[in-house]
Q: 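Let me begin by handing over the structure; questions about it come next.
A, B, ... follow the sequence lines: proteins, then strands. Residue 1 opens every chain. Predicted, not measured: the structure shown is a model, and the values here were computed from it.
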Amino acid sequence: MAKKVAFLQGNEAAAQGALYAGCKFFAGYPITPSTEVAEVLSAELPKIGGKFIQMEDEIAAMAAVIGGSLAGSKALTATSGPGLSLKQELIGYACIAETPVVIVNVMRGGPSTGMPTGPSQSDVMSAKWGTHGDHPAICLVPASVQELFEETVRAFNLAEKYRTPVMVMPDEIVAHMRERIVFPEPGELEVIDRTAPSVPPEQYKPYDTKFGDVPPLAAFGSGYRFHVTGLNKMDDGFPTTKAAVVQAEEERQVRKVDANIDDIVKFEEYMLDDAEVAVVAFGSTSRSARFAVNEARKQGIKAGLFRIKTFWPFPEKQIKALSSKVKALITPEMNLGMCTVEVRRCAEGKAPVHGIFRVDGEPINPGQILDKIKEVK
Amino acid sequence: MAFDYDKYIRPGKLPHIWCPGCGHGIVMKGLIRAIDTLGLEKNNTAIVSGIGCASRLPGYLDFCTLHTAHGRAAAFATGVKMARPEMNVICVGGDGDGTAIGGNHFIHACRRNINMTYIVMNNNIYGMTGGQFSPCTPTGAKASTTPYGNPDPAFDVAKLAIGAGATFVARGTAYHATQIDKLIVEAVQHKGFSVVEILDDCPTTYGRRNKFKSVIEMMNRLKDIAVPVKAAEKMTPEQLQGKIITGVLFKEERPEYTAEYAKVIERAKGGK
């Protein structure tokens, strides 16, 4: 049987991806340019017995998805810039309480209200540094409607697998563009559910490291009862200020991601084998970059593209290797140099890194990138 | 036979953090007696709190307990209740937690009329941080951040809840200990969002600054200002000046949120 094909908007694809992944609970607050995620799920979730709730504010929406997840439902919220700022407190809560949740954050111009309908890529640092304290961060940056679907599925998988919040961050262009999408069949994409406890309720501890760095998570109402707090905690979930325990727990939480970078980091290498100039780009900007690379090749310039699909953890190892292979790196992005800082850090001075920055609400066009390729080749 | 509180207390989690003379323990015992009367199953009951002295309560109790972020109890609890409407959900917290930083979540939970009980332990102060004035600190009172007396007017928590749409609102005091469980029992039995405000005392950060010589004096004040609903009906506004009315203040039947959402699911499945 032929696969289902549709002409879909990015946000709609994110909602469909969530459903594919088994999302049963959405809580959100209206905000441009992510609202379609909520609109689609308000219609689709009740059809499968799932729940949709529009909360009183962004913070409440984040709180509700954590509550829903602890009660056993795969849970999603969607927002954009200012909403992400508001959610940060409870993103930290989800990190320390080790609660799987997915946040779709559509990047628009900022800071503050900024340019609500304009595209941007300026939330990528917020994804890692937005909430206070040390914590793991996973952030996926899809570049097409198809990929937004697939990466939303993967975001749920990573959230469930590592018991941590995961962000999917399309820029406004990817979220609002319409493209052909081929729906994967059920079972075609991997769908991961959190590990349920293997011990009886009386022996269960929600952060029992005897089971590894990602302890099994029971659900409220499933026969297991336990305590959850935002305070630094022990294996039984109760607060502690014991120095050794706090240190070990903090390190374990971060290690869940750091020790699994190869499982989490996805990227695409395009024409990099013999490249002398490498463009490092993500999201819709990577589409302009690919066009520019193709044009450069036509003109005999050995250009290539390294497309970041997982922004956090950053593809450090790959960028490092790339920087010792090429003469120059180019980092086009719709912000004032957030990815550039990371690329420069990883390049360690082995190759110059040339940024192309736009924050005027206009996409970076292929011509701009091609000009830079010619300039630095 | 004396009531066995131990069967609801988590082993090894006492002593609690509350100061001598604090009323929160009285409220916790009232809640335990209410849960016992109601026969709530431990595995099917979530107790959710925010941040503050009162919000430490869930950790002592042997249920599904969720100690959230400051002010966010009602919002987390809404997620739990939506995901598992069959669970009993009880929120507990203080006045600052519930009506200042959590005020928005509180009033919207009232408006939705989602089936849970919210117990506000109102001691008129932020105790945990050392006695700053809260939205429930009386005008003129001293707090660590109102050294010249509080210029702010105070919230009436019960009126706030009624105004926002809660369908069951009751008030008690930490002095009237045996009334607390009765109010909580009725609140939990009510189908909808129920609020139980318990006027409480904080001798450490409120009493000392406001010339209460002892905990007994603070407790006696609660005794003196409380007027039961029935008695209040016969009193004039002048006679009620400086008093607070206790008992079940408001009760109405209105569609409950998770039941309404169950209808949404039916309509969605039926394609209507």
Q: Considering non-hydrogen atoms only, spot the tightest contact between A:I48 and B:K269 and give its length.
A: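 Looking at all heavy atoms of both residues, the shortest contact is C-CE, 4.3 Å.
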
Q: Examine whether an atom of B:Y261 lies under 4.5 Å from a heavy atom of chain A, and if so say whether it belongs to the side chain, the backbone or both; otherwise answer neither.
A: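 Answer is side chain: those atoms of B:Y261 sit under 4.5 Å from chain A.
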
Q: Taking atom NZ as the centre, does B:K159 end up with more than 12 heavy-atom neighbours from other residues, nucleotides or ligands that are less than 6.0 angstrom away?
A: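 No, not enclosed.
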
Q: Could you look at B:M87 and say if it's the side chain, the backbone, both or neither that has a heavy atom under 4.5 Å from chain A?
A: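 The side chain, not the backbone.
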
Q: Should the pair B:R10-A:D236 be classified as a salt bridge under the 4.0 Å nitrogen-to-oxygen rule?
A: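 Looking at B:R10 and A:D236, the cut-off is not met.
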
Q: Compare all side-chain heavy atoms of A:K51 with those of B:I265 and state whether any distance is below 4.5 angstrom.
A: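 Yes, their side chains come closer than 4.5 Å.
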
Q: Search all heavy atoms of A:S222 against all heavy atoms of B:R84 and return the closest pair with its distance.
A: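 Heavy-atom minimum between the residues: CB-NH2, 4.1 Å.
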
Q: Which pair of heavy atoms, one from B:V80 and one from A:G67, lies closest together, and at what distance?
A: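 Scanning both residues, the minimum pair turns out to be CG2-O, 3.5 Å.
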
Q: Does any heavy atom of chain A fall under 4.5 Å from the side chain of B:K81, the backbone, both, or neither of them?
A: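 When you check distances to chain A, no heavy atom of B:K81 falls under 4.5 Å.
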
Q: Find the distance between CG (B:L66) and OG1 (A:T99) and round it off to the nearest 0.5 Å.
A: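 Taking CG in B:L66 and OG1 in A:T99, the distance rounds to 8.5 Å.
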
Q: Give, as side chain, backbone, both or neither, the part of A:F52 having an atom under 4.5 angstrom from any heavy atom of chain B.
A: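 For A:F52, the contact with chain B is made by backbone and side chain together.
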
Q: Are more than 12 heavy atoms from other residues, nucleotides or ligands located less than 6.0 Å from atom OH of A:Y204?
A: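 For A:Y204, atom OH is crowded (more than 12 foreign heavy atoms under 6.0 Å).
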
Q: Mind checking which of residues 104-114 of chain B sit less than 4.5 Å from chain A, heavy atom to heavy atom?
A: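 Expected list: B:N104, B:H105, B:H108, B:R112.
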
Q: Please list, in residue-number order, every residue in residues 82-93 of chain A that has a heavy atom less than 4.5 Å from any heavy atom of chain B; write 'none' if there are none.
A: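 So far as heavy atoms go, A:E89, A:L90, A:Y93 are the residues that approach chain B to under 4.5 Å.
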
Q: Looking only at non-hydrogen atoms, find the nearest pair between B:F76 and A:A63 and report the distance.
A: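 What the structure gives for the nearest pair is CD1-CB, 3.3 Å.
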
Q: Where on A:A27 is there a heavy atom nearer than 4.5 Å to chain B: the side chain, the backbone, both, or neither?
A: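 Interface part for A:A27: neither.
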
Q: What's the shortest heavy-atom distance between B:P58 and A:H227, and which atoms?
A: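 Minimum heavy-atom contact is C-CE1, 4.4 Å.
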
Q: If you count heavy-atom pairs under 4.5 Å with chain B, which of A:A43, A:A61, A:G50 comes out on top?
A: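 Top option by heavy-atom pairs under 4.5 Å: A:G50.
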
Q: Hey, what do you get for CE (B:M82) to CE (A:M55), rounding to the nearest 0.5 Å?
A: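 Rounded to the nearest 0.5 Å, the CE-CE separation comes to 9.0 Å.
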
Q: What is the minimum heavy-atom distance between A:F220 and B:T65, and which atoms define it?
A: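 So the minimum-distance heavy-atom pair works out to CZ-O, 3.6 Å.
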
Q: Give a yes or no on this: more than 12 heavy atoms of other residues, nucleotides or ligands lie within 6.0 Å of atom CG of A:D134.
A: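 No, CG of A:D134 has 12 or fewer neighbouring heavy atoms, counting only those of other groups under 6.0 Å.
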
Q: Can you tell me how far CD1 of B:I51 sits from CG of A:L231, rounded to the nearest 0.5 angstrom?
A: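 Between atom CG of A:L231 and atom CD1 of B:I51 there are 6.0 Å.
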
Q: Around atom NZ of B:K29, are there more than 12 heavy atoms from other residues, nucleotides or ligands closer than 6.0 Å?
A: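 Count not over threshold, so no.
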
Q: Drop me the distance from A:R225's CZ to B:L61's CG, to the nearest 0.5 angstrom.
A: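 Here the rounded value is 11.5 Å.
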
Q: Can you tell me which of B:C64, B:A83, B:G59 forms the most heavy-atom pairs within a distance under 4.5 Å of chain A?
A: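 The candidate making the most pairs under 4.5 Å is B:C64.
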
